[in-house]
Amino acid sequence: MYSIRIGKGKEKQLEKHHPWVFSGAVDKVIPSFTTADWANVYNSEGTFIAKGWYDEKSHIILHLLSWDPDEDTDESFVERLVKNAVFRRKDYFSSPDTTCFRLIHGEADFIPGVAADSYGREIRIIISSRFAEHFLPVIINTLTDLLSPSRIQVTTDPFYSSSEGLSDKVRYFINGKETNLSKDDLKNTLFLESGLWYEAAPGKGQKSGFYCDQRDNRNAIEKYVKDKDVLDVCSYTGGFTLHALRAGAKSVKAVDSSESALRHLLYQIHLNENKGTLPPASREKVEIEAYDCFEYVRGIEENKYDVIILDPPKLAQTKGKLENATRAYKDLNRVAMMKIKNGGIIATFSCSGAMTRENFLLTLSWAAADAGVEVQVLETLSQAPDHPQRLSFPESQYLKGFILRVIK
Ligand code: SAH
């Protein structure tokens with residue numbers, strides 16, 4: 001097996017099980033090799049740290065996968081990682097009211113660059129690393145053997161496809177074999193979340209088609225919306241809107257820059273009315289508007305809304321973008337705090353991994369001070385537990401949210 005020596009002073013986080021090694025931390029590769037392969041990784045004194053996957057074409061040149069010197073890093077090792085991730089979700093498979101959940105959450109499940117979601121009997125995988133591309137056949141076969149999915153869809157995270165040299169083609173696998181599917185074969189996938197019905201179009205949509213990391217937070221807002229006027233900002237296909245309707249909101253205004261997401265939101269209200277999971281006249285309570293969220297909140301009437309949900313996209317894609325992103329988060333929240341009714345509720349989120357929970361709270365406190373309001377934090381929210389946060393990999397703690405009461 002190949003050996004890699006880490007430069008002096010660069011080993012600390014790796015010894016604490018952080019899985020990423022960038023090229024600047026690698027001192028020597030023995031013997032030198034240019035193809036991707038497994039390697040034993042040592043510190044500058046020659047002490048074993050971990051076993052990892054070395055690929056100099058990847059923007060993360062070395063992924064550490066096992067800190068056990070006796071681990072057999074072969075294909076069956078990757079198979080075990082996939083099985084363990086799925087077994088950790090065993091309780092989700094028996095849920096009567098939720099069939100959409102995450103099966104593999106990348107590095108937090110010890111599988112670099114692989115996100116896999118279950119949508120009823122279908123599985124959707126998003127890959128963001130060359131490691132994931134290399135081991136895709138093992139991952140597909142293991143998931144197929146374990147779960148017999150109706151099909152597996154594979155897409156690439158657009159943020160990483162060029163830096164990792166990954167194809168952005170949508171691929172489908174049936175019974176473990178790659179299959180060309182025609183448009184007619186590609187029907188929408190129907191699934192349940194917390195007793196509400198949704199549909200995800202194949203190959204399209206954002207993420208793998210739905211943001212199931214917000215599942216528990218959608219339930220959390222239900223207790224604040226009865227008989228209230230609700231504004232759902234960055235609604236996408238209406239996860240929060242459907243919950244607000246179920247919990248008896250007086251009206252819901254849904255705003256998103258994506259017109260197709262908003263049309264799909266209306267379709268999903270009909271779907272739930274037809275299935276009896278939303279009251280019959282729900283559609284009449286809802287207005288949609290395709291608009292930029294920052295501009296939209298500035299234009300809303302003061303004291304119109306009792307509840308405002310702010311779920312913007314990842315504004316800080318990297319740490320370098322954090323300063324601008326912080327300004328944007330502050331602005332969005334400040335304006336919402338100014339416009340909401342006295343005593344109103346804001347459910348506010350940041351899904352930027354680069355923004356820590358502490359920083360987000362600090363940003364909200366600046367927003368409150370500038371808006372001239374007092375704010376009480378009622379609930380602290382996070383990503384659902386099928387998206388676990390691995391302590392040795394802080395990047396896995398990405399979704400932060402707070403339910404706030406604004407006092408004027
Ligand atoms: N709340 C949603 C998920 C939101 S994801 C749910 O529960 O499913 C973020 C959304 O913000 C996406 O739908 C995206 O289309 C939208 N978006 C991105 N930039 C935007 C902008 N500048 N203004 C309004 N919406 C935006």
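Since we're looking at a predicted model, the values are computed, not measured. Every number for a ligand or one of its atoms is a count from 1 in the order of the listing. These values consider heavy atoms only, across backbone and side chains, with no hydrogens, waters or symmetry-generated copies.
- Without hydrogens or angle criteria, Asp256 side chain to Tyr236 main chain gives a donor-acceptor distance under 3.5 Å.
- Listed by chain and number, the residues in a side chain to side chain contact (heavy atoms under 4.5 Å, CB included) with Gln397 are Gln389, Leu391 (sequence neighbours excluded).
- The salt bridge (Lys or Arg N to Asp or Glu O under 4.0 Å) test applied to Arg121 returns no partner, not counting sequence neighbours.
- Considering only heavy atoms from C-beta on, Ile60 stays 4.5 Å or farther from Val21 through its side chain.
- Note that Arg151 lies outside the cation-pi zone of Phe173, set by a 6.0 Å cut-off to the ring centre and a 45° limit from the axis.
- Every residue two or more places apart in sequence or in another chain that forms a salt bridge (Lys or Arg N to Asp or Glu O under 4.0 Å) with Asp117 is listed here: Arg102.
- Within 4.0 Å of ligand 1, protein heavy atoms belong to Gln206, Tyr211, Arg218, Cys234, Ser235, Tyr236, Phe240, Asp256, Ser257, Ser258, Tyr291, Asp292, Cys293, Asp311, Pro313, listed by chain and number.
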